[in-house]
Amino acid sequence: MNTKNYKRLFAEVYEKGEIDKELYDLLLGEIEVDGKMTKRIYKLYLEELERRRAFDVDGTPFDTRNSAKTDGTYVYMRPKRPFWHFWHAVSATLFKFIGWFGSGVGYGVWRIKDRKKLKKLKRKPFITVSNHVGYIDAVLTRRAMGCKKQYIVAAPHNCKNTFGGRVLKSATMIPLPITLSGTKLFNERLEYVRDRNAAIHFYAEKAMWVRYRKPRPYKDGAFVYADKLDVPVVPMLYCFKRARGLRRLFGLAKAVVRIADPIFADKSLPMRERRADLAERSAKAVRELYEDFYGIPLEYLPEREKIGAAAERTNDAEAAADGTADADVAENVGTEITRD
């Protein structure tokens with residue numbers, strides 16, 4: 001774990017008011033005790049975020065250098081160019097292979113029993129949502145889809161202006177917009193892949209917390225778009241078992257992908273209630289997956305009282321709870337793939 005990068009992360013979330021000074025000082029003090037950033041301190045950090053119910057605060061540092069700017073100038077697709085279609089087919093096939101191989105090597109997932117729940121949606125579009133638990137957990141998402149067309153909504157900093165970034169963009173990645181003009185192009189892109197009967201994946205928890213087991217509250221964006229695109233939501237949960245043998249020796253995770261039954265919007269409800277109901281039923285389905293897999297009820301650590309800027313942030317969030325994804329799509333959708 002890179003100590004310098006984590007110190008930078010802690011400073012950034014503190015300056016933004018996402019954590020209080022008490023936690024910030026605690027983390028820096030523990031780094032001094034251990035002499036570097038360790039797994040013990042990282043576990044403490046996630047536990048303290050959980051106690052503060054700060055579930056969308058970044059759990060890992062990331063690099064925004066050389067990233068795409070989705071401000072209305074970003075080109076999401078070039079469908080009228082034959083070479084664009086050819087390159088997309090090649091890169092998408094490559095990513096399918098990476099997903100198959102990477103999920104097995106990286107997470108020990110070679111088979112997904114719950115995939116049978118997607119049988120009725122084989123030739124239909126839908127949105128999937130999952131927890132975000134690792135730098136390469138996108139391979140689990142890809143593995144869960146089998147051979148189906150799939151796209152993953154990502155934070156803009158993941159879409160790098162490099163060869164690898166261009167491959168990901170062509171194969172699967174749809175970066176979030178950062179302006180309203182970018183939102184229009186983003187919406188058009190989602191409609192395009194919906195019309196191709198593809199699956200669209202949202203990391204609806206927003207932040208990545210490495211190997212954190214409990215499902216966290218979802219942001220609204222995935223459910224807003226499920227309603228807009230008129231497609232069902234398929235909740236997924238990446239669970240972890242005790243690693244054994246070589247996986248334990250090399251510190252590799254042993255994961256299991258659980259998939260819930262598709263959830264359709266209740267058309268009898270008004271729009272805002274319909275979207276909230278869709279999110280609520282999805283969260284309930286994931287809670288049931290968690291409790292069935294681990295055999296324990298979903299319970300969070302006792303909540304700490306929020307103080308200072310962290311309390312103000314919570315109040316602001318509650319006051320803006322009736323906003324829509326189009327007003328601030330990057331915040332409400334809250335998703336990302338891997339981080340450097």
| query | Does the side chain of His157 pick up a donor-acceptor pair with the side chain of Asp63 at under 3.5 Å? | reply |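 Distance-only check fails for His157 and Asp63.
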
| If you measure only the distance, is there a donor-acceptor pair under 3.5 Å linking the side chains of Tyr14 and Asp20? | no

With distance as the sole test, does [X] use its side chain to make a donor-acceptor pair with the main-chain N or O of [Y] at under 3.5 Å?
| X | Y | answer |
| --- | --- | --- |
| Lys124 | Val231 | no |
| Asp266 | Ser268 | yes |
| Ser130 | Leu237 | no |
| Lys149 | Ala92 | no |
| Tyr294 | Leu289 | no |
| Trp100 | Gly146 | no |
| Lys214 | Glu299 | yes |
| Lys254 | Gly108 | yes |
| Arg115 | Lys119 | no |
| Lys206 | Lys219 | no |

Of all heavy-atom pairs between [X] and [Y], which one has the smallest distance, and what is that distance?
| X | Y | answer |
| --- | --- | --- |
| Pro156 | Thr70 | CG-OG1, 3.7 Å |
| Leu229 | Glu191 | CD2-CG, 3.8 Å |
| Lys117 | Ile259 | NZ-O, 2.9 Å |
| Arg275 | Asp227 | NE-OD2, 2.8 Å |
| Leu118 | Met145 | CD1-CE, 3.7 Å |
| Val233 | Ala226 | CG2-CB, 3.5 Å |

| task | Kindly determine whether Cys239 and Tyr290 satisfy side-chain contact (heavy atoms from CB on, under 4.5 Å), including the steps that lead there. | result | CA-CA 8 Å; Cys239 304; Tyr290 173 88; over 6 Å; no

| message | Before you tell me yes or no, could you show the steps for Lys228 and Asn187 under side-chain contact (heavy atoms from CB on, under 4.5 Å), namely the whole-Å CA-CA distance, both residues' side-chain angles and the distance that decides it to 0.1 Å? | response | CA-CA 10 Å; Lys228 277 187 173 185; Asn187 291 347; 4.2 Å; yes

Are [X] and [Y] close enough that some pair of their side-chain heavy atoms sits under 4.5 Å apart?
| X | Y | value |
| --- | --- | --- |
| Arg242 | Arg247 | no |
| Pro235 | Ile263 | yes |
| Lys7 | Ile31 | yes |
| Tyr107 | Leu252 | no |
| Val13 | Leu9 | yes |
| Phe240 | Val133 | yes |
| Tyr42 | Arg40 | no |
| Ile152 | Ile174 | no |

| task | Dump the intermediate steps for salt bridge (Lys or Arg N to Asp or Glu O under 4.0 Å) on Lys284 and Glu280, then the final yes or no. | result | CA-CA 6 Å; Lys284 180 182 177 183; Glu280 182 179 346; over 6 Å; no

| Option passing side chain to side chain contact (heavy atoms under 4.5 Å, CB included) with Ser103 (candidates Ile98, Ile112, Leu140) |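 Exactly one option meets the side chain to side chain contact (heavy atoms under 4.5 Å, CB included) with Ser103, and it is Leu140.
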
Separation of [Y] [atom2] from [X] [atom1] (nearest 0.5 Å):
| X | Y | atom1 | atom2 | result |
| --- | --- | --- | --- | --- |
| Thr172 | Tyr151 | OG1 | OH | 8.0 Å |
| Glu32 | Ile41 | CD | CD1 | 9.5 Å |
| Lys69 | Thr73 | NZ | OG1 | 8.5 Å |
| Met236 | Asp114 | CE | CG | 9.5 Å |
| Arg211 | Asp137 | CZ | CG | 11.5 Å |
| Arg189 | Leu185 | CZ | CG | 11.5 Å |

Shared hydrophobic cluster for [X] and [Y] (ILVMFWY, side-chain gaps under 4.5 Å):
| X | Y | answer |
| --- | --- | --- |
| Leu23 | Leu301 | no |
| Ile296 | Leu46 | yes |
| Val224 | Leu269 | no |

| request: Taking the six-membered ring for Trp and the full ring for Phe, Tyr or His, determine whether the centres of Tyr6 and Tyr45 are under 6.0 Å apart. | output: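 Centroid distance Tyr6-Tyr45: not below 6.0 Å, so no.
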
| Test of ring centre spacing under 6.0 Å for Tyr74 and Phe186 | no

| Test side-chain contact (heavy atoms from CB on, under 4.5 Å) applied to Asp277 and Arg272, step by step | CA-CA 9 Å; Asp277 174 70; Arg272 187 165 297 177; over 6 Å; no

Pair [X] + [Y], salt bridge at N-O below 4.0 Å:
| X | Y | answer |
| --- | --- | --- |
| Glu50 | Arg216 | no |
| Asp261 | Arg281 | no |
| Glu12 | Arg8 | yes |

| What do you reckon, is OH of Tyr300 surrounded by more than 12 foreign heavy atoms closer than 6.0 Å? | yes

| query | In this structure, are over 12 heavy atoms from other groups packed under 6.0 Å from Arg196 atom CZ? | reply | yes

| query | Going through the checks in order, is the salt bridge (Lys or Arg N to Asp or Glu O under 4.0 Å) test met by Glu47 and Arg51? | reply | CA-CA 6 Å; Glu47 287 177 348; Arg51 290 182 186 278; 5.6 Å; no

| task | Given salt bridge (Lys or Arg N to Asp or Glu O under 4.0 Å), test Arg258 with Asp292 step by step and report yes or no. | result | CA-CA 10 Å; Arg258 297 297 311 274; Asp292 176 68; 3.0 Å; yes

| said: Applying the salt bridge (charged side-chain N to carboxylate O under 4.0 Å, His left out) criterion to Asp230, which one of Arg194, Lys267, Arg274 satisfies it? | reply: Lys267

| message | Let's go through Thr128 and Ile200 carefully: what are the C-alpha distance in whole Å and the side-chain angles of both, what is the deciding distance for side-chain contact (heavy atoms from CB on, under 4.5 Å) to 0.1 Å, and is it a yes or a no? | response | CA-CA 6 Å; Thr128 56; Ile200 307 170; over 6 Å; no

| task | Classify the ring geometry between Phe202 and Tyr225 as parallel (under 30°), tilted (30 to 60°) or perpendicular (over 60°). | result | parallel

